[in-house]
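To start, the structure itself, in structure tokens.
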Amino acid sequence: MNTTTAFAIAMSFGTGNLSPDDVAAVSPALDHYIKHTIAQDLWHRPGLSARDRSLITVTAVITRNQTVLLDEQLRLALDNGVKPAELSETIAHLAFYAGLGNALTATSVARQVFAERHIGADQLPTVDVIKLPLDEEVEDARAKAVEQMTGPAAPGLVRDTTDVLFRDLWLRPDLQPRDRSLVTVAALISAGQSAQIPYHLNRAMDSGLTREQAQEVISHLAYYAGWPNAFSASAIARDVFDRRDGKK
Amino acid sequence: MNTTTAFAIAMSFGTGNLSPDDVAAVSPALDHYIKHTIAQDLWHRPGLSARDRSLITVTAVITRNQTVLLDEQLRLALDNGVKPAELSETIAHLAFYAGLGNALTATSVARQVFAERHIGADQLPTVDVIKLPLDEEVEDARAKAVEQMTGPAAPGLVRDTTDVLFRDLWLRPDLQPRDRSLVTVAALISAGQSAQIPYHLNRAMDSGLTREQAQEVISHLAYYAGWPNAFSASAIARDVFDRRDGKK
Amino acid sequence: MNTTTAFAIAMSFGTGNLSPDDVAAVSPALDHYIKHTIAQDLWHRPGLSARDRSLITVTAVITRNQTVLLDEQLRLALDNGVKPAELSETIAHLAFYAGLGNALTATSVARQVFAERHIGADQLPTVDVIKLPLDEEVEDARAKAVEQMTGPAAPGLVRDTTDVLFRDLWLRPDLQPRDRSLVTVAALISAGQSAQIPYHLNRAMDSGLTREQAQEVISHLAYYAGWPNAFSASAIARDVFDRRDGKK
């Protein structure tokens with residue numbers, strides 16, 4: 001990473017493809033919120049590491065197809081310790097959980113960022129990787145639940161969910177299960193997809209995401225996916241937490 | 001259609017405005033899924049013709065405003081037998097079911113594709129067309145249901161739904177009722193709009209969409225609108241199928 | 001505002017960054033609907049002023065990130081009497097209610113429109129403004145409801161909702177409470193966020209939005225956010241109206 005780039009990031013942190021002056025020329029208040037509330041406060045709060053904040057922000061930006069922030073957030077993610085291999089897997093994962101077009105738009109920007117930072121094939125996961133071991137019990141329970149709920153409506157979807165997703169994509173090792181679940185939960189929150197949050201939030205917590213981290217994921221995403229999505233997610237998360245506590 | 005264009009499409013199928021090399025430079029796995037799971041498998045599965053797959057994919061891409069895939073999918077739709085007049089009507093239809101801005105973004109790309117393929121006014125439906133006959137009984141039932149549900153909240157919306165949509169747009173003959181319903185259902189799934197799926201899925205099936213086709217619409221759209229939207233739609237579709245079977 | 005610009009707006013009204021000829025070359029029907037149903041009819045209907053229609057259309061376009069209409073609608077808003085200070089506050093407000101990326105995309109276009117019309121810092125609200133008085137009773141009730149519903153799931157979100165939103169952003173005086181609520185309701189409808197509509201629609205009506213205006217907001221947004229979002233909102237609004245009438 002050369003000096004000019006580092007400087008450019010430092011100067012533009014939070015304002016995406018715009019300069020802070022551009023923002024101030026339209027809304028001095030927004031410029032202030034970005035510099036103080038978001039850059040100086042939000043990203044440094046306890047409860048979630050800068051690395052995790054980057055992973056979920058990149059996810060939110062890709063899921064919402066917000067090109068204005070893609071370049072900045074992909075660079076920032078690398079600076080915050082998200083590995084190129086993890087970004088690569090995150091984009092492939094979101095082809096399924098956000099949609100192919102979202103992943104391709106992200107790819108077009110990531111292509112440039114990777115080139116500029118000399119990130120080549122040697123740092124990226126290949127097609128054929130040694131997959132993580134499958135927990136057959138967990139997978140059987142998942143497959144049965146999906147078959148019962150979705151089977152009669154979309155048999156092809158049920159097959160792809162098993163063959164393409166849970167017996168292939170989810171077993172790719174360069175994005176750890178906890179992080180893959182974190183990306184999935186962040187995508188669901190960012191798209192306002194409440195119905196699938198309980199399954200994936202539970203799975204994320206079963207894979208090591210702490211409750212404090214989950215809470216802070218929602219609070220963080222309010223800024224990048226909008227308050228309404230954060231509120232909808234928190235109503236669902238409260239229910240998930242209560243059930244895990246045996247309250248329901 | 002000239003040779004260069006045909007070659008460009010063949011080379012880029014599935015990767016939109018990017019080249020497959022661009023995709024592989026970021027995620028070899030995504031490149032693999034696009035070439036094998038999507039291009040070689042999904043588009044050739046039984047249950048739904050390539051022409052219908054194109055119609056719903058164009059709809060998903062327009063509804064989700066994914067410019068990265070617009071050009072490729074509009075060209076592919078023409079190659080797969082969707083007529084220019086049908087694309088023209090699909091875009092106008094989605095001005096109402098996805099929003100005006102989505103239709104205009106699609107128009108800006110379709111304008112170039114049409115020009116390149118020498119598709120002129122003679123191949124497009126005019127403003128004044130001989131409308132399809134109206135089934136007054138079906139339309140009265142629809143109008144009464146909307147009046148009861150929506151009337152007190154938005155009288156202007158109720159009027160426009162009758163005058164602009166069901167007594168005008170829906171009667172335009174260059175997109176057959178079955179296809180117009182298919183486009184509507186695909187738009188609702190792609191936008192995660194569950195509430196209106198039952199009415200329009202039933203209408204689509206009443207107009208000739210088979211259950212097998214409906215099932216495959218959901219499975220196909222998982223790739224273009226994301227798994228969460230497909231899962232939400234399948235829960236609704238299962239209920240629609242059960243009711244049509246007299247199970248509820 | 002110079003003559004060329006005024007002419008350009010008059011020529012393109014409704015078709016965003018495209019010319020009406022571009023639209024007609026793809027869909028003569030869409031060109032017709034834009035010129036007649038939308039430009040000549042919708043925008044002139046009683047029930048909602050052109051100024052309010054502009055405020056909610058700008059909100060819809062920002063919330064849905066539809067760059068094709070941003071330039072036209074920001075200019076039209078200024079022409080329809082929305083003050084630069086109000087646009088500035090609307091964009092900052094939507095950073096929270098639609099997401100930061102949406103506000104930044106809007107800022108990049110507004111920057112150019114403001115520059116062209118010589119709108120400088122003297123016409124924009126500063127960071128430090130004399131805030132509107134806080135209605136402690138209303139705010140306490142709101143904070144308690146959010147604490148009860150959201151608190152255990154996202155304590156950080158609860159704090160930010162109080163400190164950043166309701167004790168800061170909402171008290172900025174250059175967007176009146178009625179207009180700020182109108183923008184919020186329009187954002188919720190445009191994003192299909194039904195869950196928060198009851199609270200904000202009630203708040204908007206408590207701040208002076210009439211029922212007739214609220215009804216016409218939904219009818220108007222059908223064209224810019226799509227019919228499905230308008231239908232979903234009307235089901236919620238009917239319930240809100242019934243409760244205000246003591247029917248529930």
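By convention in this document, chain letters (A, B, ...) are assigned in the order of the sequence lines, proteins followed by strands, and residues within each chain are numbered from 1. Small disclaimer: the values here were computed from a predicted structure and weren't measured.
Both the backbone and the side chain of C/P152 come within contact range of chain A, judged by heavy atoms closer than 4.5 Å. For A/A222, the parts sitting under 4.5 Å from any heavy atom of chain C are the backbone and the side chain alike. Residue contact with chain A, scored on non-hydrogen atoms closer than 4.5 Å, is absent for C/V129. Residue A/I34 touches chain C through its side chain alone, counting heavy-atom pairs closer than 4.5 Å. Interface remark: C/L169 contributes backbone and side-chain atoms alike to the contact with chain A (heavy atom separation under 4.5 Å). No part of C/A121 comes within reach of chain A, as not one of its non-hydrogen atoms sits under 4.5 angstrom from that chain. Contact annotation for A/I236: neither backbone nor side-chain heavy atoms come within less than 4.5 Å of a heavy atom of chain C.
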May I have a list of the donor-acceptor pairs under 3.5 Å that connect chain A with chain C?
residue, atom, partner, partner atom, Å
A/D22, OD1, C/R111, NE, 2.8
A/V26, O, C/S88, OG, 2.6
A/Y33, OH, C/D168, OD2, 3.3
A/R45, NH1, C/D160, OD2, 3.0
A/R45, NH2, C/D160, OD1, 3.0
A/R45, NH2, C/D160, OD2, 3.1
A/R64, NH2, C/A98, O, 2.5
A/R64, NH2, C/N102, OD1, 3.1
A/Q66, NE2, C/N102, OD1, 2.3
A/Q215, NE2, C/P152, O, 2.9
A/S219, OG, C/L157, N, 2.9
A/Y223, O, C/L100, N, 3.1
A/Y223, OH, C/D160, OD2, 2.9
A/W227, N, C/F96, O, 2.8
A/W227, NE1, C/T161, OG1, 2.8
A/N229, OD1, C/Q193, NE2, 2.3
A/S232, OG, C/Q193, OE1, 3.4
A/R238, NH1, C/Q148, O, 2.9

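Side-chain contact between A/V26 and C/L87 is absent, with no heavy-atom pair separated by less than 4.5 Å.
Residues A/P228 and C/F96 come closest through the heavy atom pair CD-O, 4.3 Å. Between C/V127 and A/P28, the shortest heavy-atom distance links the atoms CG2-O, 3.4 Å. Minimum heavy-atom separation, C/L104 to A/G14: CD1-O, 3.6 Å.
Within the structure, salt bridge (charged side-chain N to carboxylate O under 4.0 Å, His left out) contacts touching residues 185-194 of chain A (residues at least two apart or in different chains) do not occur.
Of the listed residues (C/A85, C/A95, C/A98, C/A195), the greatest number of heavy-atom pairs within a distance under 4.5 Å of chain A belongs to C/A98. Per-residue heavy-atom pair counts under 4.5 Å with chain A were compared for C/A187, C/A92, C/A154, and the maximum is reached by C/A154. Here C/P155 is the residue among C/P155, C/A106, C/G192, C/A103 with the most heavy-atom pairs under 4.5 Å with chain A.
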